[in-house]
Structures are given as C-alpha cells and as structure tokens.
Number of protein chains: 2
Amino acid sequence: MSGRISAQAKTVLEVLASKRCHLTAEEILASLENIGTATVYRALDHLTEMGLIRRLSVGKRSAVYEYIRDQHMHLVCSRCGTVVDVQADMTGMIREAAKCCGHRVDFAEVNAHGLCKACCEAEAAQ
Amino acid sequence: MSGRISAQAKTVLEVLASKRCHLTAEEILASLENIGTATVYRALDHLTEMGLIRRLSVGKRSAVYEYIRDQHMHLVCSRCGTVVDVQADMTGMIREAAKCCGHRVDFAEVNAHGLCKACCEAEAAQ
DNA sequence: TGACAAATGAGAATGATTATCATACAATAT
DNA sequence: ATATTGTATGATAATCATTCTCATTTGTCA
C-alpha cells in the first residue's frame, strides 16, 4: 500500500489532475469504468496520505478532492455552493501564528465563506 | 422559525456557550435530556444561519460546532485529531485577496493541519 | 378562548463512506 | 518458470451521521 500507486489509484489521480477542479468521490466513480466504489475511496485516501491530492470538507455535502498543484484558498459561496480557487498562499503567516502554541503546521486550509461574483450581482440586481 | 429562538434551541446554544469547545451534534444530544435528535440538528442549523454558532467540517468525522465569541483559526492535529483554537484574525487579509475576483467574504475559516504540541513531542521522543 | 402556524420527537429513510471477504494480482523466492 | 506470500480489488453488506415524515404538541395573536 504505502509508497506504491496502483493502476486504479493512478487513473483516479489522472482524473483529478486533468479535470483541474473539485470532484466528489461519486463524480470520479461515474467518470471511470471497471472500478469499484471501495477502490475509489481507498485510492483517494491513499493519494491524500501521500500528499498528492487534498480532501476539502466544505459545508454539508460530500467531500471534494483536488489535485495539488499549488497553494491557494477557497471561496465557498453560501448561496450557490460553488467553490472557487484564489491564488494566495497564507501558509507562512499561519505557521507563524501557530508557533506560539508549539504546533507544527504542514498545510493550511483557508475557506472564505461569502458570495461568489455571480451571486453578488444577482443579489444587487434584486 | 427565522428570528425566534425556541426553548430547545436556547439550551443547545447554552451548551455550546458554556462548554467553550467544539462539540458534535451527538455530544450535545447526549448532554441534554428530553430533546430529540432532529431537534438538535434543526437547532444547530438555525443557530448557524443566525450567525451565533459555526459549523466546522474537519476531516472525515462528524461536523463540530462552536459558539462564536471571536475570530480565530483552528489547528487540526493529523495524528490525534484534536482541534485547538489559536487567536488570529486573518479575515481582513483574506477579504483583500478575494476582492480581485469580485467575491464578498463574510467569514473565513482557517484550518491549519499538522501536529499538536503533544504529538510533536511524542514524535520527537521516538 | 380559539384557530392557525410553527416546532417537536420518534422512528424511518437517505446518502456517503467503510468493512467484509472471496478472488485476482504482483513480487519475490525456489 | 513455478510456488509462495502478501497486497489490492470489487461486489455487497454494514455503519454512521444526518435528514425526512408525520402525528402531536406548543406558541402566537386576533
């Protein structure tokens, strides 16, 4: 299990790497053939542990996964639920803030909740 | 429903306000008597919508709720799973970063993943 | 007080995720 | 190349948190 990436895990990774967006386990499952539910979840866990992908728990819906290509924050629209990436790396700052408590920060997840551009405009138009 | 807080919702809020920590719906349910499961979930939703409490989706376990008394970030230990609060308000910075995309940021959730102090020391001792 | 809307709670239902386990595959040793 | 041993797979059952349903209760306000 550990360092190796099985053929199935590789296809899961390729879907995430090529689609350049946030996908649920179910969406990945639907886009592939001849792969079992459990295998997809196992691959996602494995790839997450290896630091190749990231799991986002946003709101109440099922978790979404993204391929890690850079450090960015997420804008979660509380109206339509979409998640948009914004380039911004706050890890250094966050790491500094955590230092006082003796924590080691490996990765910082920043989810900004509010309204996306479209919903902002829709609300203003009312 | 909207502005009013029912007696049951009030007791849920009081648990969160007094315990000063992160609680799951189940924990809140267990600490109260004569209150149904659905009612606890409904109260948590209602209080979240009113902006009195906050739902945190950390990792794979069930969501946790916290009473909002200030803006802070969360340190999630990837070894023992505990969530610790650290005083740090990054909302201004995050709002600024989101401005370029036309987003409105109401609240920023910052989850720093790494090792808590205890687990850091445990790892160093090995 | 009466009428109507909203909230409650018991339990069923849902939906996402995980566990089980027999089979298939891969790597290594013989 | 073949046996051996361990690991991955996938079909399905199971689990767990959360939501839905609906009959009953409670609250509101005319």
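All chains are named by letter (A, B, ...) in the order of the sequence lines, taking the proteins before the strands, and each is independently numbered beginning at 1. The figures here come from the full heavy-atom set of this structure, side chains too, leaving out hydrogens, waters and symmetry mates.
In this structure, the side chain of Ser78(B) engages the main chain of Gly114(B) through a donor-acceptor pair within 3.5 Å. Judged by distance alone, with hydrogens and angles left aside, the side-chain atoms of Thr39(A) form no donor-acceptor pair with the main-chain N or O of Ile35(A) at under 3.5 Å. Remark: the backbone N or O of Thr24(B) is paired with a side-chain donor or acceptor of Glu27(B) at under 3.5 angstrom.
Counting only residues at least two apart or in different chains, salt bridge (charged side-chain N to carboxylate O under 4.0 Å, His left out) contacts with residues 101-126 of chain A comprise Arg104(A)-Asp106(A), Arg104(A)-Glu123(B), Glu123(A)-Arg104(B). Residue pairs meeting the salt bridge (charged side-chain N to carboxylate O under 4.0 Å, His left out) criterion with at least one member in residues 63-92 of chain B, sequence neighbours excluded: Arg54(B)-Glu66(B).
Shown here for Cys116(A) and Cys77(A), the closest heavy-atom pair between the two residues is N-SG, 3.4 Å.
Rounded to whole Å, the distance from CG on Leu56(A) to P on dA16(C) is 17 Å. The CG atom of Leu23(A) sits 16 Å away from the C1' atom of dA16(C) (whole-angstrom rounding). If you measure from atom NE2 of His46(A) to atom P of dT18(C), you get 15 Å, rounded to the nearest angstrom. Atom NZ in Lys10(B) sits about 17 Å away from atom P in dA7(C), given to the nearest Å. Atom C1' of nucleotide dA8(D) and atom CG of Asp45(A) are separated by 14 Å, given to the nearest angstrom. Between the CD atom of Glu33(B) and the C1' atom of dT8(C) there is a distance of 17 Å, given to the nearest Å. Protein atom CD1 of Ile5(B) is 18 Å distant from nucleotide atom P of dA6(C), rounded to whole Å.
Proximity of Lys60(A) to the phosphate of dA17(D): no side-chain N or O atom is located under 4.0 Å from OP1 or OP2. Contact annotation: Tyr41(A) does not reach the phosphate of dT18(C) (side-chain N/O to OP1 or OP2, under 4.0 Å).
Comparing Tyr65(B) and Ala9(A) by the nucleotide of DNA chain D that holds the closest heavy atom to each, the one mapping nearer the 5' end is Ala9(A).
Clustering of Ile, Leu, Val, Met, Phe, Trp and Tyr by side-chain heavy atoms under 4.5 Å joins Val76(A) with Leu56(A), Val58(A), Val64(A), Val83(A). Cluster partners of Leu115(B), using a side-chain heavy-atom cutoff of under 4.5 Å among ILVMFWY residues and allowing indirect links: none.
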B/S/- along nucleotides 10-16 of chain D (protein heavy atoms under 4.0 Å) is BB-----
Per-nucleotide protein contact string for nucleotides 25-30 of chain D (B base, S sugar-phosphate only, - none; heavy atom under 4.0 Å): ---S--
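Relative orientation of the Phe107(B) and His113(A) rings is parallel, given thresholds of 30° and 60° on the angle between their planes.
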